[in-house]
Enquirer: 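Here it is, the structure, as structure tokens.
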Amino acid sequence: KTWRLAKSPAAPLLTAIEMVDPKTGWAVGHDSVILATADGGENWVQQFSAASEQRPLLDVRFANKERGFAVGAYGAYYETSDGGKSWNARKVIEDDKHLNAIVSLAGGVHVILGEAGTILRTEDAGATWKPVVSPYRGSLFGGVVAEDGALVAFGLRGRIFRSTDAARTWKAVENASVSTLLGGTRLPDGALVLAGTGGTVLLSRDSGLSFVPVVTGVTKAYAKPVLGPPNTLLLLGETGASEVPLPMHKK
């Protein structure tokens, strides 16, 4: 309902945030910058930056308070095992494809989704990342974990794919829209919401087996849907924050 500016050092464009508990979190962005908070986002400090490499970071994920990963453009990959006190670069793919998102699954499995259908998975907290045969040659921009444990990945031209075996194999999910999907979330009641270009918002009530469009009346891009006030979605994007009614609300 109300917002105030947090205290943080001067930083370039920030692209992603991860909170492992109500107090502890990290944010990443351009210049490979990594910021950290220990007080719920009130104050932020810079832990790392590598402006000379010119590789924006696009996502960050922590397995626990100590072990974390940050990924980004041109194959950028950094990891920490001491809560971000030190970050080490590593090459996890042979080429320089963009690594767009990291998703955490049950059993300690983490999955990286990226450019040209890139899918990498680890079962050992990032010690080794192994490529997965991708169902798509276009870019994947993110993924959400459904209530039943399935991983739903989404990306270019409205493509949606679903995996029930921890990202090893995939099946396409029907979607009539060809608008690129950029962000997604799982709501507390289990609904999955995806959002993207052209004001596109899609809703699933069956753990990602099918999606229906949500009317927004907007043509600008949405980057992220989140839960708003009761029965409402808060959509973040080119027009700032806007609210739309949440259809088929589960009581």
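All figures in this text were calculated on a predicted structure; none of them were measured in a lab.
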Enquirer: How many angstroms lie between CD1 in Ile160 and CG in Asn175, if you round to the nearest 0.5 Å?
Expert: 4.0 Å
Enquirer: Is the shortest side-chain heavy-atom distance between Leu13 and Pro56 below 4.5 Å?
Expert: no
Enquirer: What residues form a side chain to side chain donor-acceptor pair (under 3.5 Å) with Glu238, not counting sequence neighbours?
Expert: none
Enquirer: Heavy-atom distance under 4.5 Å between the side chains of Leu227 and Thr185, does that happen here?
Expert: no
Enquirer: Heavy-atom count around Glu53 CD within 6.0 Å, excluding the residue itself: above 12?
Expert: yes
Enquirer: Do Ser179 side-chain atoms and Gly196 backbone N/O form a donor-acceptor pair below 3.5 Å?
Expert: no
Enquirer: Salt bridge check, Asp39 against Lys7: does any charged N sit closer than 4.0 Å to a carboxylate O?
Expert: no
Enquirer: Between Gln46 and Ser49, which heavy-atom pair has the shortest distance, and what is it?
Expert: NE2-CB, 3.4 Å
Enquirer: Students often mix this up, so state it plainly: with edges at 30° and 60°, are the rings of Phe48 and Tyr78 parallel, tilted or perpendicular?
Expert: tilted
Enquirer: Below 4.5 Å, heavy atoms only, C-beta onward: do Val111 and Leu151 meet side chain to side chain?
Expert: yes
Enquirer: Compare all side-chain heavy atoms of Pro247 with those of Val214 and state whether any distance is below 4.5 angstrom.
Expert: yes
Enquirer: Would you compute the distance between atom CG of Leu99 and atom CG of Leu58 and round it to the nearest 0.5 angstrom?
Expert: 8.5 Å
Enquirer: Determine yes or no for a side-chain-to-main-chain donor-acceptor pair under 3.5 angstrom, with Arg61 supplying the side chain and Phe69 the backbone.
Expert: no
Enquirer: Under 3.5 Å, is there a donor-acceptor pair between the side chain of Glu66 and the main chain of Gly83?
Expert: yes
Enquirer: So, the side chain of Ser163 versus the backbone of Thr169: is there a donor-acceptor pair under 3.5 Å, distance only?
Expert: yes
Enquirer: Would you mind checking if Arg55 and Asp96 are paired as a salt bridge, meaning a charged N to carboxylate O distance below 4.0 Å?
Expert: no
Enquirer: Judged by atom type as modelled, is there a donor-acceptor pair below 3.5 Å linking the side chain of Thr180 to the main-chain atoms of Arg157?
Expert: yes
Enquirer: Are Glu243 and Pro229 side-chain neighbours, meaning at least one heavy-atom pair lies under 4.5 Å?
Expert: yes
Enquirer: Which Ile, Leu, Val, Met, Phe, Trp or Tyr residues join Val178 in one cluster when any pair of side-chain heavy atoms under 4.5 Å counts as a link?
Expert: none
Enquirer: Looking at every non-hydrogen atom in both residues, tell me the closest pair between Gly41 and Ala6 and how far apart they are.
Expert: O-CB, 3.2 Å
Enquirer: After noting the C-alpha distance and the side-chain angles of Val201 and Val244, does the key distance pass the side chain to side chain contact (heavy atoms under 4.5 Å, CB included) rule?
Expert: CA-CA 10 Å; Val201 177; Val244 298; 5.7 Å; no
Enquirer: Which value, rounded to the nearest 0.5 Å, describes the distance between Glu147 atom CD and Leu187 atom CG?
Expert: 10.5 Å
Enquirer: What I want to check is whether the side chains of Thr80 and Asp82 have a donor and an acceptor closer together than 3.5 Å.
Expert: yes
Enquirer: Test Thr122 against Asp124 for side chain to side chain donor-acceptor pair (under 3.5 Å), laying out the working first.
Expert: CA-CA 6 Å; Thr122 180; Asp124 54 15; 2.7 Å; yes
Enquirer: Begin from the C-alpha positions of Leu202 and Phe154 and carry the test side chain to side chain contact (heavy atoms under 4.5 Å, CB included) through to its verdict.
Expert: CA-CA 11 Å; Leu202 304 176; Phe154 50 86; over 6 Å; no
Enquirer: Should Val60 and Ile102 be regarded as members of a common hydrophobic cluster, given that ILVMFWY residues are connected when their side-chain heavy atoms come within less than 4.5 Å of each other, either directly or indirectly?
Expert: no
Enquirer: Using atom types as modelled and distance alone, determine if a side-chain donor or acceptor of Glu18 lies under 3.5 Å from a backbone N or O of Ala70.
Expert: no
Enquirer: At what distance, to the nearest 0.5 angstrom, does CG of Leu246 lie from CG of Leu233?
Expert: 4.5 Å
Enquirer: State whether the side chain of Arg121 and the backbone N or O of Val132 hold a donor-acceptor pair below 3.5 Å, judged by distance alone.
Expert: no
Enquirer: Any salt bridge between Glu42 and Arg4, counting N to O under 4.0 Å?
Expert: yes
Enquirer: Does the Thr37 side chain pair with the main chain of Asn43, one donor and one acceptor, at a distance under 3.5 Å?
Expert: yes
Enquirer: Heavy-atom distance under 4.5 Å between the side chains of Thr15 and Val28, does that happen here?
Expert: yes
Enquirer: Using modelled atom types only, decide if a donor and an acceptor are shared between the side chain of Thr232 and the backbone of Pro230 within a distance under 3.5 Å.
Expert: yes
Enquirer: Decide side chain to side chain contact (heavy atoms under 4.5 Å, CB included) for Tyr222 and Val193; before the verdict, give the C-alpha distance in whole Å, the side-chain angles of both, and the deciding distance to 0.1 Å.
Expert: CA-CA 12 Å; Tyr222 290 125; Val193 185; over 6 Å; no
Enquirer: Can you tell me if Lys97 uses its side chain to pair, donor with acceptor, with the backbone of Tyr74 under 3.5 Å?
Expert: no
Enquirer: Between atom CG of Leu156 and atom OH of Tyr136, what is the distance when rounded to the nearest 0.5 Å?
Expert: 4.0 Å
Enquirer: Heavy atoms only: give me the nearest Ser8-Trp44 pair and the separation to one decimal.
Expert: CB-CB, 3.7 Å
Enquirer: Would you say that Pro135 contacts Ile119 through its side chain, given a criterion of any heavy-atom pair below 4.5 Å between the two side chains?
Expert: yes
Enquirer: Hey, could you give me the CG/CG distance between Leu192 and Leu203, rounded to the nearest 0.5 Å?
Expert: 8.0 Å
Enquirer: Does any part of the side chain of Trp170, heavy atoms only, come nearer than 4.5 Å to the side chain of Val133, both counted from C-beta?
Expert: no
Enquirer: Apply side chain to side chain contact (heavy atoms under 4.5 Å, CB included) to residues Arg205 and Asp189 and explain how you reach the verdict.
Expert: CA-CA 9 Å; Arg205 291 288 187 189; Asp189 67 356; 2.7 Å; yes
Enquirer: Is it true that, when you exclude Lys91 itself, more than 12 heavy atoms of the residues, nucleotides or ligands shown sit nearer than 6.0 Å to its NZ?
Expert: yes
Enquirer: Honestly curious: do Val144 and Phe161 fall in one hydrophobic cluster under the side-chain, below-4.5 Å linking rule?
Expert: no
